[in-house]
Amino acid sequence: MKRKRASARQTPPAPSERARRIAEHLATVVRIPTIAPDSPRALTDEEEETFASHRAALRDLYPGVFAAAETEQVGRAGLLMRVPGATSERPIVLMAHQDVVPVPEEWEAEGWEHAPFDGVIAEGRVHGRGTLDDKGALIVLLEALEELLAEGWSPARDVWLLFGGDEEQHGASAVEAVALLEERGVEPWFVLDEGGAVASGAFPGLTTPMAAIGASEKGILTLELIVEGLGGHASMPPRQSAPGILARALTEVEDNPFPVSMHDISVEMFEGVAPHLKGPMRAVLSRAERLRGPLARVLPRLGAELAAMVRTTAAITMLEGSPAQNVLATRAKATLNCRIAVGSTVAETVAHLEEAIDDERVKVLIVESSEPSPVSPTGDDVRWTALVDAVGASYPDAVTVPYVMMAASDARHVARIAPAVYRFSPLAMDKKQREAIHGPNENVEIASLERGVDFYRALLTGPVLA
Ligand SMILES: [Zn+2]
């Protein structure tokens, strides 16, 4: 499938010298294919070399930051850095990850227009795996620090940088870094990691870009449903087979969705976008607080994305049965990937599923779980308003709202030791770009990279470090 960009978009204006420099820096690191190593295992020699050359590239590109910071490697490929401030009280932590998801060997067949690891700069954009997730944010953050340090700025309080090396594979390096911080008694006052973005086309009827900042994160629960059967020859099947029993259980899971409820964060989001909408949507959403019950019931009918906003979801992902066409399955297994709504728990989710399945022959096994993250302050908390102001300084036409992030990030590991954790990359992303994350044709606009640097500059010189 070929994208037709020319018809849909105007030719972007020629980038400034600064924007070109930032784009070159991003292209340089995109060319180093830091594919997330699956865990837990040691890196192969080749992976070791790739991540080492990525770290070396960062050192090369940002000599000022690396000169000012104490740097240590954490976990298999993570970096933990401290840019010392006048005091180590109320430190802040800025995060991004160095690893990327893989591309298929047949990436051309997947529809990539530019080779994913060539770091091609064209059409006013930087193309390639990681440009949005998450090397774009990594580069604009380092760029802002490098600029500020060169201007003689030094932080009023410690600025920690945490660059995970395996975020896409459970984030062991971030877990280790958080343990280190905890051991040293570092209590981050403010944390910013990837998550939302300056999104266009994200909300029906909204024509202004929406800077959506994650103030919490759904929980994760991966379950296996297992039915053991007797096996035997396919010529004499029992009345009920293991896969048959499992199939009935899966149907029950889909037929019994989790209860809906509208979280305060979602209410705040709806009320934030309402003034920028027209007609009935504006009228309804500006009353989101009073209408939260009816809204929560209507939203799931308007699409999967809105449904996921108001309830815990359960996706059936892997299925396993008999290994041969004429053999009965002695064991049938399905994997459920659940995302737990903020306000609910792992235990509540398991209980709901067991009740829906209601069949003792189906064993429910927890493979992985993490509770939803605590909710970070919004409203008139200075950390929230500092973010709103930094967006205003870099994307003046955007409306900033909080939301509950549905995917998982390294931020969930740090939430344990920090009271205010936000999830946001200061990069513009339209619908196509958001779909390109973990898919083909990932790309970022050069103009947006420059605004991203402006965002971090405003943040670092604003009240979170005052
Ligand atoms: Zn990411």
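First listed ligand is number 1; within each ligand, the first listed atom is number 1.
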**Message:** Once side chain to side chain contact (heavy atoms under 4.5 Å, CB included) is applied, do any residues pair with Arg31, and if so which ones, sequence neighbours excluded?
**Reply:** Ala27, Thr28
**Item:** Arg301: partners by side-chain hydrogen bond (donor to acceptor under 3.5 Å, both in side chains), with sequence neighbours left out
**Value:** none
**Prompt:** If we ignore angles and hydrogens, is there a donor and acceptor under 3.5 Å between the side chains of Asp166 and Ser173?
**Reply:** yes
**Message:** Please check: side-chain N/O of Asp158 versus main-chain N/O of Arg82, any donor-acceptor pairing under 3.5 Å?
**Reply:** no
**Item:** Parallel, tilted or perpendicular: rings of Tyr62 and His25 (30°, 60°)
**Value:** perpendicular
**Request:** Could you grab the protein N, O or S atoms closer than 2.8 Å to the Zn ion (ligand 1) for me?
**Result:** His97 NE2, Asp133 OD1, Glu194 OE1, Glu194 OE2
**Request:** Sequence neighbours left out, what passes side-chain hydrogen bond (donor to acceptor under 3.5 Å, both in side chains) with Thr312? Give chain and number order.
**Result:** none
